[in-house]
Undergrad: 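Just dropping this structure here.
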Amino acid sequence: MTPDDPGRVAPKPGATIVLVVPVYNEDQGLCALRDRIVAVMDRIPYDWSCILVDDGSRDASWSVIESFVAADARFKGIMFSRNFGKEMALTAGVEAALGADAVICLDADLQHPPEIIPQLIAKWEEGYDIVATIREKVADYSLVKKIGSKTFYWFMCRFTDLDLPPNSTDFRLLDRKVMETLSKFTEGSRMFRGIIDWMGFKKTYIAFCAPARSQGKPAYPVKKLFNLAINSFTSFSLVPLRLAGYLGLIIMAVTLPLLCGMVLGNWFLAANITPIAFFTVFNTLLIGIVLCALGMMSLYIGHIHTEVANRPLYIIRSRAGAWDAPPVTAA
Ligand code: UDP
Ligand code: MG
C-alpha cells in the first residue's frame with residue numbers, strides 16, 4: 001500500500017498531526033494552498049489541523065485565514081501584532097501545536113508542495129523523529145540567491161557543529177518529542193532549522209523539486225536573507241569572535257622572531273638595521289599583542305554568548321527502565 005492510500009490502517013492509531021504555515025502577504029495564494037492541503041490530508045488516516053500564522057501581513061491574508069477558520073474547524077489562525085519574521089512565525093505555530101503527535105511546517109507560497117506530506121509521514125511512521133527535506137531544484141531563485149545559499153551552507157558546514165546539508169529547508173516533520181524540546185529554547189535570535197539540527201534525534205531527508213512561488217514576490221529579499229544568514233551563522237559559530245585572536249597570534253609569531261633577529265643582528269653581527277625598520281616591526285608586534293588580548297576577551301564573550309542562549313544542556317531521546325518507581329536505595 002502507498003502511504004496516501006485511503007482506508008489504510010494508521011500505524012500510529014489515534015495520532016494527531018498539525019500543519020504550521022507562516023504567512024506573510026500571501027492572500028492571493030492561500031485558497032490554492034488550503035485546497036491542496038485538504039486534498040492531501042483527507043487521504044491520511046490521522047486527525048489533522050492546520051495553524052496559519054499571519055506574520056503581520058499588510059494585505060488581506062488575515063481575512064482569508066478568518067474565512068478558512070469559519071468554514072472548516074480544522075483551520076486555526078494566529079495573527080502577529082507586526083512582522084516578526086518566518087522563524088518566529090514557525091516558533092509560535094509549533095508552540096501552539098504542542099500536544100499533537102507531530103507537526104509539519106510548510107511555506108504558504110506552495111514552494112513546499114503539500115503532496116510530499118504523505119512521504120514525510122511514512123518516514124515518521126518508520127520511527128524517525130525529524131523528517132527534513134532537501135530542495136533539489138528551485139524554479140525561481142536568482143543567481144545571487146543561489147550563490148548566497150551555497151556560500152552560507154559552506155560556512156555553516158565548515159565552522160559550526162551543525163549537520164546542515166546544503167539546500168535543506170524548513171519543510172519538515174517534527175515528532176512530539178522534538179516539538180517539546182524546541183519549546184525549551186529561549187534564544188531570541190534563532191534559526192529555526194539550525195536549532196532543530198543542533199538537537200540531534202533520529203533524522204532523515206527527502207528530496208523534492210521546489211516550484212516557483214504561487215504568487216507575489218519572495219518576502220525575503222537578498223538583504224533580509226543576508227542578515228538572517230549572518231544571525232544564523234553567529235548564533236552557531238564563535239569563529240568570527242576568535243578571528244582577532246588568531247590574527248594576533250599569526251602577527252606575533254612572525255614579528256617576535258623577526259624583532260629578536262634584528263636586535264641580535266645589530267648587536268653581534270653589526271647588521272645595519274635602520275631605526276625605522278626596527279620600530280615598524282616593533283609596532284606590528286604591539287598590534288599582534290593587542291589583537292591577542294582582544295582574542296582572549298572574545299573567549300569570555302563566547303562563554304557569555306553560550307550562557308545567554310541558554311540552550312538545554314543535553315537532550316534525552318528516550319529512557320529505558322522503571323522510571324516511575326522510587327529510586328533504589330541501599331538497605
Ligand atoms: N514569511 C513569513 N514572514 C516573513 C517572511 C516570510 O512568515 O517575514 C513566510 C512566507 O509567507 C512564506 C515563507 O515564510 O510562507 C517563506 O517565505 P519566502 O517565500 O519569501 O522565502 P523563500 O522561499 O524565498 O526562501
Ligand atoms: Mg518561497
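Just follow the structure's listing: the first ligand is 1, and inside any ligand the first atom is 1. The structure displayed is predicted, hence computed values, not measured ones.
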Undergrad: Is a salt bridge present between R172 and D197, judged by a nitrogen-to-oxygen distance below 4.0 Å?
TA: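 Here R172 pairs with D197 in a salt bridge, since their nearest N and O are under 4.0 Å apart.
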
Undergrad: Could you check atom 3 (N) of ligand 1 against the protein and tell me its nearest heavy-atom contact, residue, atom and distance included?
TA: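 Protein heavy atom at minimum distance: D55 OD2, 2.5 Å.
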
Undergrad: Could you identify the single nearest non-hydrogen protein atom to atom 10 (C) of ligand 1 and state the distance to 0.1 Å?
TA: E26 OE2, 3.2 Å

Undergrad: Going by the order shown, which atoms of ligand 1 are within less than 4.0 Å of some heavy atom of K224?
TA: 8 (O)

Undergrad: In terms of relative ring orientation, are F159 and W154 parallel, tilted or perpendicular, with 30° and 60° separating the classes?
TA: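 Geometry flag for W154 against F159: perpendicular rings.
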
Undergrad: Using distance alone, decide if ligand 1 has a nitrogen or oxygen within less than 3.5 Å of any nitrogen or oxygen in R135.
TA: no

Undergrad: Is the NZ or CZ atom of R190 positioned over F236's six-membered ring, under 6.0 angstrom from the centre and within 45° of the axis?
TA: no

Undergrad: Nearest to atom 19 (O) of ligand 1, what protein heavy atom do you find, and at what distance?
TA: D109 OD2, 2.7 Å

Undergrad: For atom 8 (O) of ligand 1, which candidate among L225, N83, L90 provides the closest heavy atom?
TA: N83

Undergrad: For atom 18 (P) of ligand 1, what is the nearest protein heavy atom, given as residue, atom name and distance?
TA: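 Checked against all protein heavy atoms, atom 18 (P) of ligand 1 sits closest to R213 NH2, 3.7 Å.
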
Undergrad: Taking just the N, O or S atoms of D109, which one is nearest to the Mg ion (ligand 2)?
TA: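 Distance check against the Mg ion (ligand 2) picks out OD2 in D109.
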
Undergrad: Return the residue, atom name and 0.1 Å-rounded distance of the protein heavy atom closest to atom 16 (C) of ligand 1.
TA: D107 OD2, 3.1 Å

Undergrad: Think K224 forms a cation-pi with Y24, using NZ or CZ under 6.0 Å from the six-ring centre and within 45 degrees of its axis?
TA: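 The answer is yes; both the distance and angle limits are met.
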
Undergrad: Hey, are D170 and K86 close enough for a salt bridge, meaning a charged N less than 4.0 Å from a carboxylate O?
TA: yes

Undergrad: Quick one: look up the protein heavy atom nearest atom 17 (O) of ligand 1 and list residue, atom name and how far away it is.
TA: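 For atom 17 (O) of ligand 1, the nearest protein heavy atom is Y220 CD1, 4.0 Å.
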
Undergrad: Using 30° and 60° as the class limits, which term best fits the ring planes of F278 and F282: parallel, tilted or perpendicular?
TA: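 Taking F282 first and then F278, their aromatic rings lie parallel (interplane angle under 30°).
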
Undergrad: Crowded around F185 CZ? As in, over 12 foreign heavy atoms under 6.0 Å?
TA: yes

Undergrad: Of K86, K145, Q111, which has the heavy atom at the shortest distance from atom 24 (O) of ligand 1?
TA: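 Residue with the shortest heavy-atom distance to the ligand atom: K145.
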
Undergrad: Between K123 and E126, is there a salt bridge with N-O shorter than 4.0 Å?
TA: yes

Undergrad: With nothing but distance in play, are any N or O atoms of P22 less than 3.5 Å from an N or O of ligand 1?
TA: yes

Undergrad: Just need the protein heavy atom nearest to atom 20 (O) of ligand 1, so name the residue and atom and give the distance.
TA: A219 N, 2.6 Å

Undergrad: Is there a side-chain contact between D101 and I17 (heavy atoms, below 4.5 Å)?
TA: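 They are not in side-chain contact.
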
Undergrad: Which residue and non-hydrogen atom of the protein lie closest to atom 22 (P) of ligand 1, and at what distance in Å?
TA: Y141 OH, 3.8 Å

